[in-house]
Participant: 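There's a structure below that I have some questions on.
We name chains A, B, ... by the order of the sequence lines, and we start the count at 1 in each one. These numbers come from a predicted model, not from an experiment.
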Amino acid sequence: MSTLKITNGRIIDPANQRDEIADLWIRDGVIVDDATSAHETIDAKGLVVAPGLIDLHVHFREPGQSHKETIGTGTAAAAKGGFTSVVCMPNTNPVADNPSTISWIHERANDMAQVNVFCTGAITKGLKGEELAPVASMKKAGIVAITDDGHCVQNNEVMRRALEYARMFDLPLLDHCQDYGIVGDGIMHEGEWSVRLGLPGWPRIGEELIVMRNIMLAELCDSPIHCQHLTSGGSIRLIREAKARGVKISGEVCPHHIALTDESLKGYDSNYKMNPPLRTEWDIDLLIGGIADGTIDILASDHAPHAPYEKEVELDHAPFGILGLETEFAIFCDVLVHKRGAIDLPRLVEMLTINPAKLLRLDRGTLSVGAPADVTLLDPDAEWTYDLTETASPSRNSPFHGHTFKGRAVRTIVAGKSVWAL
Amino acid sequence: MTTPVTWTRKDLVALDALSSDEITLLLDTAKAFKGVGQRTLKKVPALRGKTLVNFFVEPSTRTRTSFELAAHRLSADVVNIAATASSLQKGETLKDTALNLQALLADIIVLRHSSAGAAQFLAERLQASVINAGDGSHEHPTQGLLDVFTMRERFGDLAGLKVAIVGDILFSRVARSNVHALVKLGADVTLVGPTTLVPRSLESLGAKVTHRIDDVLESAQVINLLRIQHERQRKEYFPSLGEYTSLFGLTKARAARIRPDCLVMHPGPINRGVEIDSDVADGPNNVILEQVTNGLAVRMAVLYLCAGNAGAAV
Ligand SMILES: [Zn+2]
Ligand SMILES: [Zn+2]
């Protein structure tokens, strides 16, 4: 029996509407009421004691592309960012569209992972958008949601049946919203900068059309759809209006989409190339407005590692995506809490803990007595500078190297054990 | 008078990045070099001992030849490398290929590439001067300069000059370089073409946009017709070349309405009967061959300023 006491911290546990200076007790990896003596004590004076942060949108590159990231390095990056649970996207090689690949990932996580790893399964076989993947057997293998992320099911009938079918298993459906016909070979936001740079545009409506489609299907089937990594101000308006009508639709926002604009691409640096793309100040204002008024209640990184040699090519040949886990909390805290005052710290913690846990029915995201003792200690006022040379990932594709943020995670505890501390 | 400008750039990647003074310096230098072409001995020693590599990942005989001749006139050694012969086809990256060229002690790399930003990419990574000879739909700065040079020879000061650029602006690197140079020099630029290829967002470059050629026909002092490459374009931008010509082609009937002193320009090669009627292309307004001659002078100026020995005699 081992007992850990975290003392003097400000406990923020939105799942229980708790926000107070108090002690937190952990025994044998579980949160407990109190205990008389502790084997170990952590003094959290001046720090926030939060439920372990959850990122429901990460790309670890196993199986298939372990030169970019492994479950070991990816979860180390997660721990450095304060995350105790991550949810992996299925666009691996082979695609996680079958129970044996899902089981392989779980086994690998058991051996290598520093934080909890949850899996999603593909909606369609091979992410091709044509035939449904074996949802029932993947559910048995332990998936927590289905998504074709990286791809988007274009056929509305296939999407409708996927949504209906997933409901039998109480599996949430997540969607990367991209209309292929409209977006074509677009690689950046369509607007002044795409015109200046001579790069093919990826217009907002390429996202909004699918968000609208998803709203209509969610309404038709009375089943929830979660729209991943939203970038367009127009998408926020659509979701706000649909939610007000009671449609089961939700959305998430990523740090880079509220911290950077399309103008960043003016030097043709592939570290600013992502899908969906960086947009404009207008979009950022609406995204943050959506976060402030509750239209958006989940935040995520879309952590997407790529090896340096893959990114150091002509911009149109470079892959989409950037690293995210190590800077995620810092950017959200810096932009949303400090700079824009859009939300307060308890709300930020809620969006990174109990809200994603609720969406994916994870038994995490809370400091309730009896819950697994996943805890993150946060210093919301710490100023620090991100240094890519110290990243846990073998990849280096972050545009935030050298950026200074206010707010960071300082210790990550999974099942009562510190897996990372500053 | 303004203070004299000195050229401090190693590369020429985009006219968007240049000041009006820098553009003027390039054009003035080109004017001096045009004189060299009229001498019996068409050579100056400005780049003697230097090596220029024409690295054309996307083929273009005209531009490559023009750079080659310009380099010879400056006494540089020239190596031509085409994409088919290069190792890019064997999977070597652009960066590796360029580092190899640098290891061969190339002083200047003239790059033509189908990816926007490719010249910038190399310029940031190499000590050699990188001259953009066209990067995807981004810019073609020497073409922009030679167009502006040709207009300046005819009209002098470009402030207030009414220039219409007609055609596929969205995908045209020539159009972009033209617009940047002309706007910086104070010209009044109107972009003309179908709504699909001339979106309103182009106004952010400082030009006007119209979708009716009638709007510019009688007022334009320069009409620059871009090459339409329907075969290379996604078909949804406009239905057919015939329809394009009926809406935007400089037909005989339209040519009868242009100003007598209007310059008709084209970056070549011309699609006779598409952008321009064959007779009009051979008519008195066209300066298409002058453009080619001026291209040589402009490229000499660019090579000289970016890579020349300071103080070498022109
Ligand atoms: Zn995605
Ligand atoms: Zn993703």
Participant: Counting heavy-atom pairs closer than 4.5 Å to chain A, which one of Ala14(B), Gly117(B), Ser114(B) comes out on top?
Facilitator: Gly117(B)
Participant: What do you reckon, is CE of Met216(A) surrounded by more than 12 foreign heavy atoms closer than 6.0 Å?
Facilitator: no
Participant: Give, as side chain, backbone, both or neither, the part of Glu124(B) having an atom under 4.5 angstrom from any heavy atom of chain A.
Facilitator: side chain
Participant: At their closest point, which heavy atom of Glu192(A) faces which heavy atom of Ser204(B), and how far apart are they?
Facilitator: CG-OG, 3.1 Å
Participant: Would one find more than 12 heavy atoms of other residues, nucleotides or ligands at under 6.0 Å from atom NZ of Lys128(A)?
Facilitator: no
Participant: So how far is it from Asp135(B) CG to Glu314(A) CD, rounded to the nearest 0.5 Å?
Facilitator: 11.0 Å
Participant: Does any part of the side chain of Lys266(A), heavy atoms only, come nearer than 4.5 Å to the side chain of Gln120(B), both counted from C-beta?
Facilitator: no
Participant: Taking atom CD of Glu157(A) as the centre, report whether more than 12 heavy atoms of other residues, nucleotides or ligands fall under 6.0 Å from it.
Facilitator: yes
Participant: Need one label for Arg125(B): side chain, backbone, both or neither, based on atoms under 4.5 Å from any heavy atom in chain A.
Facilitator: side chain
Participant: Give the minimum heavy-atom separation between Ala116(B) and Leu197(A), together with the two atoms involved.
Facilitator: CB-O, 3.6 Å
Participant: Can you tell me if Arg173(B) uses its side chain to pair, donor with acceptor, with the backbone of Gly198(A) under 3.5 Å?
Facilitator: no
Participant: Do Tyr268(A) and His138(B) have side chains that get closer than 4.5 Å, going by heavy atoms?
Facilitator: yes
Participant: To the nearest 0.5 Å, how far apart are CZ in Arg196(A) and OG in Ser201(B)?
Facilitator: 11.0 Å
Participant: Examine whether an atom of Leu170(B) lies under 4.5 Å from a heavy atom of chain A, and if so say whether it belongs to the side chain, the backbone or both; otherwise answer neither.
Facilitator: side chain
